[in-house]
2 protein chains.
Amino acid sequence: MNSKHFTPAVTIREVAEDAGVSVMTVSNVLRGRGRVGEETRRRVLEAVARQGYRPNLTARALVERKAPTLALMLSCITNPFYPEFTLAANLSALKYERHLLVCNTDHEPDRGTSFLQQVAGSLSDGVLVANYGGLPIEELRALQQRGIPVVISVWELPDEPPGIPCVTFDSKGAAKLAVRHLVELGHRRIGAIIGSRKNGIHSARYAGYQEVMRETKIRRLASDERFTEDSFDDGYRAATDLLSSRPDLTAIFVSNDLPALGVLNAASDLGYSVPHDLSVVSITDIVPARQSRPGLTTVAIPTAELAEKGIGLLIDLMNGRATETTVIHTSAPKLVIRGSTAAPASISN
Amino acid sequence: MNSKHFTPAVTIREVAEDAGVSVMTVSNVLRGRGRVGEETRRRVLEAVARQGYRPNLTARALVERKAPTLALMLSCITNPFYPEFTLAANLSALKYERHLLVCNTDHEPDRGTSFLQQVAGSLSDGVLVANYGGLPIEELRALQQRGIPVVISVWELPDEPPGIPCVTFDSKGAAKLAVRHLVELGHRRIGAIIGSRKNGIHSARYAGYQEVMRETKIRRLASDERFTEDSFDDGYRAATDLLSSRPDLTAIFVSNDLPALGVLNAASDLGYSVPHDLSVVSITDIVPARQSRPGLTTVAIPTAELAEKGIGLLIDLMNGRATETTVIHTSAPKLVIRGSTAAPASISN
DNA sequence: GTGAAAGCGCTAACAA
DNA sequence: TTGTTAGCGCTTTCAC
């Protein structure tokens with residue numbers, strides 16, 4: 001049995017005594033502040049090395065009246081969009097010498113609430129929220145009212161900011177790019193699977209789909225549309241249902257890659273050959289989109305940029321260089337053509 | 001422009017004044033410690049609500065001489081194994097009322113070093129490390145020497161502990177299960193793609209493969225084996241190379257799901273039909289394994305259990321209920337049969 | 001049942 | 001160039 005349950009950490013005071021200087025001098029040496037003699041500096045550094053001293057970031061944060069971390073709140077890290085987003089946010093925070101506390105609300109609103117109550121303004125100076133359906137916007141606004149910096153990233157509506165600083169992208173434009181691609185290939189029987197309710201988080205993507213259909217005078221039937229959850233399995237189910245009732249569709253626009261990958265599987269299980277019998281296009285360009293066979297044609301959104309600018313905006317907000325109405329735009333979405341789209345069989349044959 | 005750049009947070013002192021009691025009484029009410037009169041308690045709670053007071057976790061941690069978080073260190077969250085692991089660790093930490101600081105070393109050893117130096121024993125009471133190739137074991141041991149609780153999870157060698165408390169699983173047994181499955185289906189020309197160097201992190205998985213081949217007296221050729229990185233793309237490349245030089249293989253054992261998914265794509269691109277022309281089996285059972293077409297036959301390891309027990313061990317270590325030599329074992333790996341394996345064509349035809 | 005004093009480890013402000 | 005004082009927001013100890 002290990003006898004030493006508690007090894008007290010070396011403090012700045014012990015280093016100061018060892019080096020024969022005051023604690024302030026040690027602090028100054030370590031932070032490169034103030035003026036310190038060359039000889040003194042050397043002695044301090046030696047003592048630090050000898051004792052293996054590491055500054056206590058908790059104490060430092062307390063006295064500097066700031067929190068030691070930034071917080072990132074998202075729905076669930078197992079959705080493959082978030083690892084990409086989180087990695088970029090993590091590396092970006094590191095550039096500002098910040099560590100990241102991650103909260104998975106994991107479809108439990110209470111977890112998010114409790115996280116925000118405990119962490120925001122206490123363990124974390126600010127909160128970056130990766131937008132998801134069911135975002136507790138009123139809670140975020142209340143936090144902001146209390147003076148805590150809050151940023152929403154992956155905001156879908158560039159023209160309708162949430163009253164909270166946000167980083168946004170042209171989600172409607174992304175959808176239009178996707179649907180236009182289908183139309184240009186010659187598709188006229190185009191279904192849609194939307195990963196939210198009609199007025200939910202993908203409403204602008206849905207609007208983009210509607211707009212292109214209208215512009216190109218393609219008949220749009222309510223029976224060719226499905227609204228469902230934003231998951232692989234729900235995409236699978238929605239496609240199974242849609243294709244059973246509308247087997248003559250030649251293409252499906254899906255509002256997000258994750259359900260689109262489910263759609264690809266459903267099509268395959270129903271005996272469709274993609275893209276010959278059915279084209280599938282969606283939005284995001286997560287990693288699995290290029291690993292599926294066929295590869296998923298999709299409209300890439302600037303995931304890393306959304307994360308990086310989110311962290312940047314949070315920092316700006318903390319320094320008074322941004323306000324509650326700041327809206328940061330990101331690069332335009334880009335169509336990435338892979339194997340899941342082609343001209344409809346009646347044309348290509 | 002927003003004028004209030006800095007809204008000082010409500011402190012316990014202000015709540016105390018508002019309620020007309022001492023700060024200690026507020027603290028006691030909030031933490032349910034000590035004895036407090038019913039009437040006083042009510043007044044305190046009212047003041048807390050009125051002021052919107054939230055305890056500062058940084059200050060609390062400082063005075064309690066513990067850090068406010070636990071740390072999780074892993075190679076890269078974009079590897080689909082880690083989101084599953086991280087989510088389980090996160091939820092588990094929450095049960096101990098701890099938040100989680102995540103470090104992506106992202107193939108930069110310096111990032112891990114710097115994280116450990118800054119965070120361990122300061123922002124975080126302890127560090128849970130999700131094992132990966134190139135783990136800085138000496139650094140971890142040095143941390144441990146300084147009295148900082150460190151746990152390695154996903155340890156591959158139950159019989160060779162690392163000198164650091166660990167949570168382990170039967171990786172060799174998992175490999176044997178996988179390869180035996182191929183043998184039982186009738187395969188005799190079995191290749192192997194290992195996601196590490198021969199003596200690297202997957203060495204026990206490789207040993208399991210060797211052992212079954214020896215037991216079943218199947219000829220094992222060095223030219224049927226490839227050692228590569230543990231990634232999708234490297235799996236793809238290794239399989240392309242292997243199948244080009246050994247087109248008569250009927251099955252491939254891959255040491256991990258991520259490269260195995262690459263192998264599936266390579267086989268498809270080379271014109272193999274899986275499982276008719278080629279069977280593929282691997283280890284882990286990450287989510288994408290069941291989403292690929294065909295589904296990947298694999299040996300599931302207890303990912304969530306590895307994470308949960310890792311957090312539990314870290315907590316035990318902090319309370320002196322575990323030691324440097326503690327080894328925690330997890331449930332036995334289980335074969336999950338999906339569409340990527342079948343009897344070889346010469347038999348099934 | 002309640003409160004006053006002390007101090008966690010550190011840094012800002014100022015003094016020497 | 002270096003040291004001293006004060007105190008960040010909280011909890012522990014111990015007196016009342």
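- One side chain, B/Gln51 or B/Asp18, offers a donor N or O that lies under 3.5 Å from an acceptor on the other.
- In this structure, CG of A/Leu30 is placed 8 Å from P of C/dT11, rounded to the nearest angstrom.
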Test side chain to side chain contact (heavy atoms under 4.5 Å, CB included) on A/Leu314 and A/Tyr96; report intermediate values, then the result. CA-CA 11 Å; A/Leu314 205 46; A/Tyr96 298 98; over 6 Å; no
Check against side chain to side chain contact (heavy atoms under 4.5 Å, CB included), B/Arg146 and B/Arg141: CA-CA 9 Å; B/Arg146 282 170 44 203; B/Arg141 269 196 270 262; over 6 Å; no
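- Between B/Glu38 and B/Arg42 there is no salt bridge, since none of the side-chain N atoms of the basic residue sits less than 4.0 Å from a carboxylate O of the acidic one.
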Starting at the 5' end of nucleotides 7-14 of chain D, put B wherever the base has a protein heavy atom under 4.0 Å, S where only the sugar-phosphate does, and a dash everywhere else. BBBBBBB-
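- Nucleic acid contact for B/Thr58: none, since no nucleic acid atom lies under 4.0 Å from a heavy atom of the residue.
- Within 6.0 Å of the CD atom in A/Glu39, the count of heavy atoms belonging to other residues, nucleotides or ligands exceeds 12.
- B/Leu123 has its CG atom 20 Å from the P atom of C/dC8, to the nearest Å.
- A/Glu14 places a side-chain N or O within 3.5 Å of a backbone atom of A/Thr11 that can act as its donor or acceptor partner.
- Applying the 4.0 Å criterion to OP1 and OP2 of D/dT4, one finds that A/Ser22 has every side-chain N and O outside that range.
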